Amino acid sequence: MTHAVEVPLAQHDAAHAVLRALPQRCKLCGVEQEAAPVAICEHCLGPLEPLYPADRRLPTRAEIGSRAPSLWRYREWLPFDWSALPDGATPEILSRDTGFTPLVEAPRLAALLGVARAWIKNDAVSHPTLSFKDRVVATAINAARSFGLETIGCASTGNLANAVAAHAARAGMKAWIFIPEDLEEGKVIGTLVYGPNLVRIRGHYDDVNRLCAQLADRFGWGIVNVNLRGYYGEGSKTMAFEIAEQLGWRLPDAVVAPMAGGSLLTKLRKGFREFSDAGLVDGDLPRMYGAQAEGCAPIVRLFESGGTTLVPETPHTIARSIAIGNPADGAFAVKAMRDSGGSAQKVSDAALVEGIRTLAQTAGIFTETAGGVTVAAALALAANGHLKRDDEIVLCITGNGLKTTDAVRDALPPAPLVNAKVREVAALVNASD
Ligand SMILES: *Cc1c(COP(=O)(O)O)cnc(C)c1O
Ligand SMILES: [Zn+2]
């Protein structure tokens, strides 16, 4: 931080209009709130969500298809006022080129799962920081800019720290990032390199989150997953939009996704519903399956209990990126799973490590621990009869394995070391089977 590169903020020239964030509405009591870096309803403490103009013009499949391949091709469903732009002005959008990650078919994994077809939505190669958190930061950073905030930040389990640091650096904004003390080195280095203020907090994610709520007020920062949370969450819907478009404007039968705070799972369902409501896709909405690690599975346990009150947990799992003991959107994620006819699945740390290897060895994709949880959960759901022979399913792979190599190191065979002699390699080949 002592050698931070000083670069002036980009000049706003007249031809570039700054985006305006939409107002919000309370998800519980419905009270409206003008656009502001606020995430909680002042009447009932419920979460706020962007309120879209009911009469806005929505694009056709062809219009969407003609736009640049980024998450902004779905801009009418992202929380900004596009009609407010003066004629001819191009909006100045930060983080323009995030989104539109590959949807790859995985027939060998489908065979293993016993389903008709399976695809990987591969956010392990998200631009620029190799996790789906680029999506949520892309929308939150534009909300921060529209509010004139100069500093963004986050409470993070790792991937969000990477994304906030990178997107802030690119925009010339300051970043204050807070993480629990025990994060993987790949996540820490992958944050520090962008030159943010990174602070490790003694405690778990939930302690970090509580602190950040206070810091946002004290310093006037835009903490993307705290006081900008309403705008942040909408970025996750783009994963659903892309899945529908990349399947050829169709919906899958089932979707499996990892859950931390429960926002992604909730917003995937919202995204599928919005495309269905817009007439862009037809048929039933997908059954939603949420996955967690056994060592931190408060949302799965709430689902299994059949109740409505989430019991917070203290995390004990190597799946650190999804280790949130008191998930903000846990109850909404449970509702999404129940309403869609899906289910919730928890898996052991040993199973998630196997899940990482299975995905690598059947689909050629190296995911981090959260992806291992997703694959292991899909295997368990298939074994329990939740996934059926004629199902077409999508697995949301949300992060990259190179960030959490420690998780698999001990599970992999060592590579033999030999001299540069054909004879020595021939011995290995003969011994191999
Ligand atoms: C943050 C994260 C998730 C899930 O996040 P939610 O808080 O549930 O939206 C899933 N996978 C990875 C790799 C993540 O970093
Ligand atoms: Zn309210």
Side-chain angles (χ1 to χ4, degrees), residues 24-33 38-49 121-126 129-137 140 154-164 179 183-184 186-187 190-191 205-206 209 224-226 229-230 232-237 239-240 256-271 288 290-293 296-300 319-334 336-337 344 352 356 367-375 377 395-404 407:
Q24 299 186 93
R25 182 167 58 193
C26 175
K27 249 179 118 165
L28 299 185
C29 77
V31 160
E32 290 178 22
Q33 153 86 45
V38 175
I40 296 194
C41 171
E42 54 188 19
H43 299 277
C44 77
L45 303 182
L48 299 175
E49 256 193 339
K121 181 55 175 164
N122 190 10
D123 271 19
V125 294
S126 169
T129 63
L130 309 179
S131 92
F132 105 94
K133 292 300 199 301
D134 288 317
R135 299 179 184 277
V136 286
V137 173
C154 61
S156 174
T157 55
N159 285 313
L160 186 57
N162 297 171
V164 166
I179 55 174
L183 285 196
E184 303 92 339
K187 300 272 169 79
T191 301
Y205 172 83
D206 299 283
N209 189 271
V224 299
N225 58 335
V226 177
R229 191 172 179 87
Y232 156 103
E234 294 294 278
S236 291
K237 295 188 308 189
M239 204 169 190
V256 188
M259 302 185 292
S263 174
L264 171 62
L265 193 288
T266 307
K267 296 292 183 164
L268 282 167
R269 176 151 166 92
K270 186 181 185 199
M288 302 301 302
Q292 295 197 292
C296 186
I299 308 179
V300 176
R320 295 201 171 85
S321 60
I322 52 170
I324 296 186
N326 191 9
D329 291 299
F332 295 113
V334 167
M337 293 184 281
L352 84 82
I356 293 173
T367 185
E368 66 145 80
T369 48
V373 167
T374 304
V375 174
L395 270 59
C396 294
I397 294 302
T398 47
N400 192 295
L402 291 173
K403 296 189 195 183
T404 62

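From a predicted model like this one, the values you see are computed outputs, not experimental measurements. Along the sequence shown, residues carry numbers from 1. We count ligands from 1, going down the list as the structure has it; atoms in each ligand are counted the same way.
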| Does an N or O from Y232, backbone or side chain, lie closer than 3.5 Å to an N or O of ligand 1? | no
| message | I'd like to know if D123 pairs up with R135 as an ion pair, taking the criterion as any Lys NZ or Arg NE/NH1/NH2 lying under 4.0 Å from an Asp or Glu carboxylate oxygen. | response | yes
| Angle, SG of C26 through the Zn ion (ligand 2) to SG of C41 - 10° precision | 110°
| Nearest to atom 11 (N) of ligand 1, what protein heavy atom do you find, and at what distance? | T398 OG1, 2.7 Å
| Any Lys/Arg nitrogen of E234 or K267 sitting under 4.0 Å from an Asp/Glu carboxylate oxygen of the other? | yes
| request: Could you check F332 against K27 for side-chain contact (heavy atoms from CB on, under 4.5 Å), going step by step and ending with a plain yes or no? | output: CA-CA 10 Å; F332 295 113; K27 249 179 118 165; 3.5 Å; yes
| Proximity to ligand 1 by part of K267, non-hydrogen separation under 4.0 Å | neither
| query | With a 4.0 Å heavy-atom cut-off (strictly under), which part of N159 contacts ligand 1: side chain, backbone, both or neither? | reply | side chain
| task | Identify the residue among D329, V136, V224 that makes a side chain to side chain contact (heavy atoms under 4.5 Å, CB included) with R229. | result | D329
| Under 3.5 Å, is there a donor-acceptor pair between the side chain of S126 and the main chain of S131? | yes
| request: Among all protein heavy atoms, pick out the one at the shortest distance from atom 9 (O) of ligand 1; state its residue, atom name and that distance to 0.1 Å. | output: L264 N, 2.8 Å
| message | Distance under 4.0 Å to a non-hydrogen atom of E368: what atoms of ligand 1 satisfy this? | response | 13 (C)
| task | Could you check which of S263, S236, A260, S156 puts a non-hydrogen atom nearest to atom 4 (C) of ligand 1? | result | A260
| query | Looking at A260 and I299, what are the two nearest heavy atoms and their distance? | reply | O-CD1, 3.7 Å
| message | Checking the side chain of D134 only, and the main-chain atoms of A163 only, is there a donor and an acceptor separated by less than 3.5 Å? | response | no
| query | Would one find an N or O of K133, backbone or side chain, under 3.5 Å from an N or O of ligand 1? | reply | yes
| query | Do L264 and M239 come within less than 4.5 Å of each other through their side chains, counting heavy atoms only? | reply | yes
| task | Measure the distance from atom 6 (P) of ligand 1 to every protein heavy atom, then report the residue, atom name and distance (to 0.1 Å) of the closest one. | result | G261 N, 3.5 Å
| request: Determine yes or no for a side-chain-to-main-chain donor-acceptor pair under 3.5 angstrom, with T367 supplying the side chain and G399 the backbone. | output: yes
| message | So, regarding G262 and ligand 1 (criterion: nitrogen or oxygen to nitrogen or oxygen, under 3.5 Å), is there a contact or not? | response | yes
| remark: P258 heavy atoms within 4.0 Å reach ligand 1 at atoms 10 (C), 11 (N)
| field | For the student: nearest non-hydrogen atoms of L160 and V137, plus distance | value | CD1-CG2, 3.5 Å
| query | Below 3.5 angstrom, do we get any N/O pair linking I322 and ligand 1? | reply | no
| said: Just to be sure I read this right, does ligand 1 sit under 4.0 Å from the backbone of S131, its side chain, both, or neither, counting only heavy atoms? | reply: neither
| said: Only to 10 degrees, please: what angle do the SG atom of C29 and the SG atom of C44 make about the Zn ion (ligand 2)? | reply: 120°
